[in-house]
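Note that the structure is a prediction, hence the values are computed from the model and not measured. To find a chain, count down the sequence lines: A is the first, B the second, and so on, and within it residues start at 1.
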There are 2 protein chains.
Amino acid sequence: MTMGNTGGRRKPPTIHDVAREAGVSRGTVSRVLNGGHYVSPAAAQAVDAAIRKTGYVVNRHARSLITGRSDSVGFLLTEPQERFFEDPNFNVLLRGCTQALAAHDVPLLLMLAGTDDERRRITRYITAGHVDGVLLVSSHSGDPVAEELRAAGVPLVACGKPIGLGSKVSYVAADDRDGARDMVRHLLALGRRRIGVVTGPLDTPGGVERLAGYKEVLREAGMEIDERLVVSGDYSRASGEAGAERLLARAPDVDAVFVASDLMAQGVLTALHRAGRRVPEDVAVGGFDDSPAAVAASPELTTIRQPWDRISTEMVRVLLAQMGGEDPAAVILPTELVKREST
Amino acid sequence: MTMGNTGGRRKPPTIHDVAREAGVSRGTVSRVLNGGHYVSPAAAQAVDAAIRKTGYVVNRHARSLITGRSDSVGFLLTEPQERFFEDPNFNVLLRGCTQALAAHDVPLLLMLAGTDDERRRITRYITAGHVDGVLLVSSHSGDPVAEELRAAGVPLVACGKPIGLGSKVSYVAADDRDGARDMVRHLLALGRRRIGVVTGPLDTPGGVERLAGYKEVLREAGMEIDERLVVSGDYSRASGEAGAERLLARAPDVDAVFVASDLMAQGVLTALHRAGRRVPEDVAVGGFDDSPAAVAASPELTTIRQPWDRISTEMVRVLLAQMGGEDPAAVILPTELVKREST
DNA sequence: TTCTCTACTGTGAACGCTCACAGAAGCATG
DNA sequence: CATGCTTCTGTGAGCGTTCACAGTAGAGAA
């Protein structure tokens, strides 16, 4: 009685059913499914109709078994997870990647390598061919997982320039150096001349590049680099606070600070406030990332926005290309200066 | 010359290779792989050794093809994605689910149903049997995707009590009502007597329950519900601000506000500050969620913490049980009052 | 000894798909 | 009229695993 297309189905239709329905052979249906080359228009139409009528969906397992591909990719996070999972930009990245892949009908598997045990299992899983490629989030220098995947020849696209991996690894990154340049130029344009910097960790490309941009612009402007104005942090809020204190102690005449992350910049604001300096009147503060911390701060932070949505789509594009046989590629995307109250 | 275990492998070892290496048959290897029943200790040991030696990893596609299971689950978000992806608690949930599943060697597929097109594709994908179960985040009343999955008999566990779905759907939720009770009791214990409330959307179970808890405690305390003290919001910061203004206009003598989300509570703080009310001296403010907004706020918010880590592990537990044939279940987990500066 | 029962093991036969190949048209060229 | 070429189609094989079944060995009971 109830045999319609709704209701609890037991056995889904196979390519066989579609072939019978369309009056063609399995091979023809398969060809239609895979691009439709070498298929007559009439047959293609019949197959399409049969697919709709039967509600056929390809069994990816059977396909994978023979093709050796899985037609899925992994999103692998080997970073200390707290840090990344608390960064809303990470969400934008994850969402962007998922959607960009979905547009290509490629499922995304989320993999978190926290413990060594997980690392091992995930490495095995990937090298066994259960995913065709990996989107990697890791700024670990010499990440063992990444290295092993690279060695196994798994298509890999890193978010941000990876350290310690050969040039064989693709990556997509924001132009950290140029972002830093923009910010420091902005501070110069405001008439500031004693510009300090709180760097990120200098064993990460981001940390290095942002510092390099800072120095470049000052040199361009004919100024000497005063090492008293350079202190380093680790992207944490606390390190920003400590950094600002050191800065104030070493160079009390500082009139602007370029901080390599918004979170640290929040700490800088706290320290400046405590020291009785007004922002931006006495000291202008520029952050980096355009995280929610930037607007949550008071005053709201001028910062550098990284194009996370474009980063994600580019990562997917590069990965799919590489899975299709193309060579690894590096993509650098421009950043944007977002002016707010702190400068 | 270079034939070691490292390096670019072409063909991964199969169950055949393991069987040959161990001197047993495919069947025996398969039995070892699937629980080891009806296998002699000697054979089991030989197989284990052979697996280690060959570096064998089961081909899940081949397995799935015959078992009909995929041994993977989907994490499905049908909510407007901006809202959830900006909520760090969502991250905790996602991470917790991923890790709990990883412990069972079950991969997680991330699925975002934003557009109708995506919704259709995902529904097809799931009902075609490409995942064995679904972790669902959706407070949509009458979510069509959820309804279709339920109808198709796909094991489903919702995060939070779902609306409009039959009792056949499992869910795991924090005890919203009890959390609200705790907060309002806390405000009463501080001596406040004119306690206002900014509710969440009243077409969600969370919104309804939190309001119910508020009313319960006041009635318990022998107080009448003054409807002037009840305003509704939609969880957004702006709606909190507007709500507080309405509250102040309608009941200027308000001395405490229970706000159904931290984000709204931030808005409430802003409005109170603007109106010249001191927090907590003049008006105590209690939030809900313990989101980062709670500590970012000034003063830091007293709030109700939902056990997101436990919610995730419970969701996974219930889902796996259901995939194993058990009946749907509902799990309600206790919340925790976190006292900070705002009360 | 013979039988039965249990514990274990090996062997096709699938699962649903793609791929290589063989073949059948249709059509122009020699 | 044969020959080649292109376009299209069907068929068998096989991907790596599990499952059902048949079978073997050893222990205990008759």
Side-chain angles (χ1 to χ4, degrees), chain A residues 9-48 50-51 54-72 105 124-125 127-132, chain B residues 9-48 50-51 54-72 105 107 124-125 127-130 132:
Chain A
R9 51 183 66 76
R10 282 292 137 238
K11 285 249 174 193
T14 74
I15 204 173
H16 242 107
D17 302 321
V18 176
R20 188 161 9 87
E21 179 69 33
V24 298
S25 71
R26 291 170 3 245
T28 300
V29 177
S30 178
R31 276 184 286 265
V32 171
L33 254 35
N34 295 284
H37 300 301
Y38 284 89
V39 180
S40 68
Q45 213 170 334
V47 169
D48 279 336
I51 287 175
T54 55
Y56 171 77
V57 179
V58 68
N59 183 326
R60 298 172 93 106
H61 301 303
R63 174 184 283 173
S64 294
L65 182 55
I66 186 161
T67 60
R69 288 175 284 118
S70 69
D71 293 317
S72 65
D105 208 29
R124 281 231 148 176
Y125 187 86
T127 53
H130 288 306
V131 294
D132 296 339
Chain B
R9 50 181 68 75
R10 280 294 137 237
K11 285 250 174 191
T14 74
I15 205 173
H16 241 106
D17 301 321
V18 175
R20 187 159 13 85
E21 179 69 33
V24 298
S25 71
R26 288 170 6 244
T28 300
V29 177
S30 177
R31 277 184 285 267
V32 171
L33 254 35
N34 295 286
H37 300 301
Y38 284 88
V39 180
S40 68
Q45 214 170 335
V47 169
D48 279 337
I51 287 174
T54 55
Y56 171 77
V57 180
V58 68
N59 182 326
R60 298 172 94 108
H61 302 304
R63 173 183 285 172
S64 295
L65 182 55
I66 188 159
T67 61
R69 288 176 283 117
S70 70
D71 293 317
S72 65
D105 208 30
R124 280 230 147 175
Y125 187 87
T127 52
H130 288 308
D132 295 340

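Applying the ring-ring contact (aromatic ring centres under 6.0 Å, His included) test to A:Tyr56 and every residue at least two apart in sequence or in another chain returns nothing. Judged as a salt bridge (charged side-chain N to carboxylate O under 4.0 Å, His left out), and not counting sequence neighbours, the contacts of B:Asp105 are A:Arg121, B:Arg60. Partners of B:Ala46 under the side-chain contact (heavy atoms from CB on, under 4.5 Å) rule, at least two apart in sequence or in another chain, are B:Ala22. Under the rule for a salt bridge (charged side-chain N to carboxylate O under 4.0 Å, His left out), A:Arg124 has no partner lying at least two apart in sequence or in another chain. For A:Asp71, the side-chain hydrogen bond (donor to acceptor under 3.5 Å, both in side chains) criterion is met by A:Arg69, not counting sequence neighbours. Partners of B:Ser70 by side-chain hydrogen bond (donor to acceptor under 3.5 Å, both in side chains), not counting sequence neighbours, listed by chain and number: B:Ser72, B:Asp132.
Where DNA chain C meets chain A (any atom under 4.0 Å from a heavy atom), the bounding nucleotides read 5' to 3' are C:dG16 to C:dT18.
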What does the B/S/- profile of nucleotides 5-11 of chain D look like, 5' to 3', with a 4.0 Å heavy-atom cutoff to protein? ---BBBB
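To the nearest angstrom, C1' of D:dT17 lies 9 Å from CG of B:Asn34. When the P atom of D:dG16 is taken as reference, atom CG of B:Leu33 falls 15 Å away, rounded to whole Å.
Taking CD1 of A:Ile66 as the start and NE2 of B:His61 as the end, the distance is 13.0 Å to the nearest 0.5 Å. Put simply, CG on B:Leu65 and CG on A:Asn59 are 6.0 Å apart, with the number rounded to the nearest 0.5 Å. Here B:Arg26 contributes atom CZ and B:Ile15 contributes atom CD1; the two are 7.5 Å apart, rounded to the nearest 0.5 Å.
Here the closest heavy-atom approach between residue A:His130 and residue B:Val57 is recorded as NE2-CG1, 4.2 Å.
For residues 58-69 of chain B, proximity to DNA chain C is found at B:Leu65, B:Ile66, defined as any non-hydrogen atom under 4.0 angstrom from a strand atom.
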Pairs: protein N or O with nucleotides 22-28 of chain D N or O, under 3.5 Å:
none

Exercise answer: donor-acceptor pairs, residues 31-45 of chain A side-chain atoms, under 3.5 Å, sequence neighbours excluded:
{"from": "A:Asn34", "atom 1": "ND2", "to": "A:Ser30", "atom 2": "O", "distance (Å)": "2.7"}
{"from": "A:Asn34", "atom 1": "ND2", "to": "A:Ser30", "atom 2": "OG", "distance (Å)": "3.4"}
{"from": "A:Ser40", "atom 1": "OG", "to": "A:Ala43", "atom 2": "N", "distance (Å)": "3.2"}

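In the helix from C:dT1-D:dA30 to C:dG30-D:dC1, the terminal helix axes, each the rotation mapping four pairs' C1' atoms onto the next four within five end pairs, subtend 60°, rounded to 10°.
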